[in-house]
Amino acid sequence: MSSPNNLECQPITTISLQDISNHVIKFIHASDIHLGSHQYENTLRSDDYINAFEEILAKAIDHSVNFVLLGGDVFNSLEMLPGKLTNVIEILNNFKKATSGEIPIIAIEGNHDIRRFSRGVRFSHRDQSWLKLCANLGLIVLLDADLQAPTNLIFKPYDFEKCEGGKIQIKNVVIYGTRYLGEAPVSTLSQIRKAIKKEKGKFNILMQHFGIEGQMANVPGIQLELISPLHHRVDYLALGHFHKQFILEDWIYNPGSSESVCSMDFFLKRGIFLVEVKGREAFSKEVQIIKLKNRNYIWRTLKIRYKFRSKESFYAYLVEHLKIYFKSQDIKNDQSRDNFSFLILKLEGINPFKNKNVNQKEIQKVLIEEFPIIGAKVYQKFKSRVNTIVNYF
Ligand SMILES: [Mn+2]
């Protein structure tokens, strides 16, 4: 009884609007979230990674996207504190509820998700991950190919009961993905290329976890010309791995890590992409770069020119130097802890002590007590003894 009534009540305009919206697809592409990371063994800092993940999911809701892509290294390692994992599961559960399960999160495993080591044990296979757990709980779609299978079976459609598969179609977008395939998966890439179907009216996305040579100095990656053949079948290559953001040739996209995972990351361009694909057969694409809030950092270099009688006098000297800097930047102590920065302090020049080394942990404690920071990393780049002697003479 109710359904004919409903049909009668449905205005024609709704149908035509739906028809148009079918040809616009929006998604968020993020990567390298490194959940569970404990940068500099700092507990407060570990929440920043979880906050970044929450921010990404909030943006997915704000922009009413059709799906979210996570290009690997979603977790930092197999070692994860139960409390942090519970947080992540809760966030995923809440997201699923808030979106009535209509915004799937589609992920692949990066090298960090499937590390071979845990608690000093080396595994012979990389076959377990927290992402698998999330997929088995029905909270994400985890894509992986069966590279041993014949070409037409390499990417099986995602099976929501078995929680596995290598591809998933959402409207007219087909998303293919595999786990991390090593530093140089060149031969595997041609296998992947052959297994991807290029069909009229379908926009193909391939999710991979590798870097491209030359995009980060001294970090190995695949040569761009070896990836180019993929473009015949792939409209959008969704990468993860390099923590620095890059876009190449209008089809290769790497958002960079969501938070900085090592000190160098603080200086890199990083964020997420909000992508809109329009069209039925010929597609047009708009990619917006979104910068996440992220923890602020302060980088200071201090040259030590003389030796100190006691560690107390050295610490007092450090605090004095930094106080001047904090004052000059108008950074006040009374702000909320959410706004506290992370301090990276590089000590250069000569070792301030005659017969001992600087105690990192003690300095960190002094600095955290004195300044509005959540943590501090102190690098010591003192001249070697030989150099010091040369300087003195
Ligand atoms: Mn990573």
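We number each residue from 1, following the sequence as shown. Both counts, for ligands and for their atoms, begin at 1 and track the order of listing.
E259 pairs in a side chain to side chain donor-acceptor pair (under 3.5 Å) with only one of the listed residues (R45, H34, K293), which is R45.
The two residues T178 and L181 have their closest heavy-atom pair at OG1-CD1, 3.4 Å.
When the N, O or S atoms of D32 are ranked by distance to the Mn ion (ligand 1), OD2 comes first. When distances from the Mn ion (ligand 1) to the N, O or S atoms of D73 are compared, OD2 comes out shortest.
Judged by distance alone, the side chains of S263 and Y297 never bring a donor and an acceptor atom under 3.5 Å apart.
Inclusion of H243 in the first shell of the Mn ion (ligand 1) is supported: an N, O or S atom falls under 2.8 Å. Residue contact annotation: H34 places an N/O/S atom under 2.8 Å from the Mn ion (ligand 1).
Note: Y158 and Y176 fail the aromatic proximity criterion, with ring centroids not under 6.0 Å apart.
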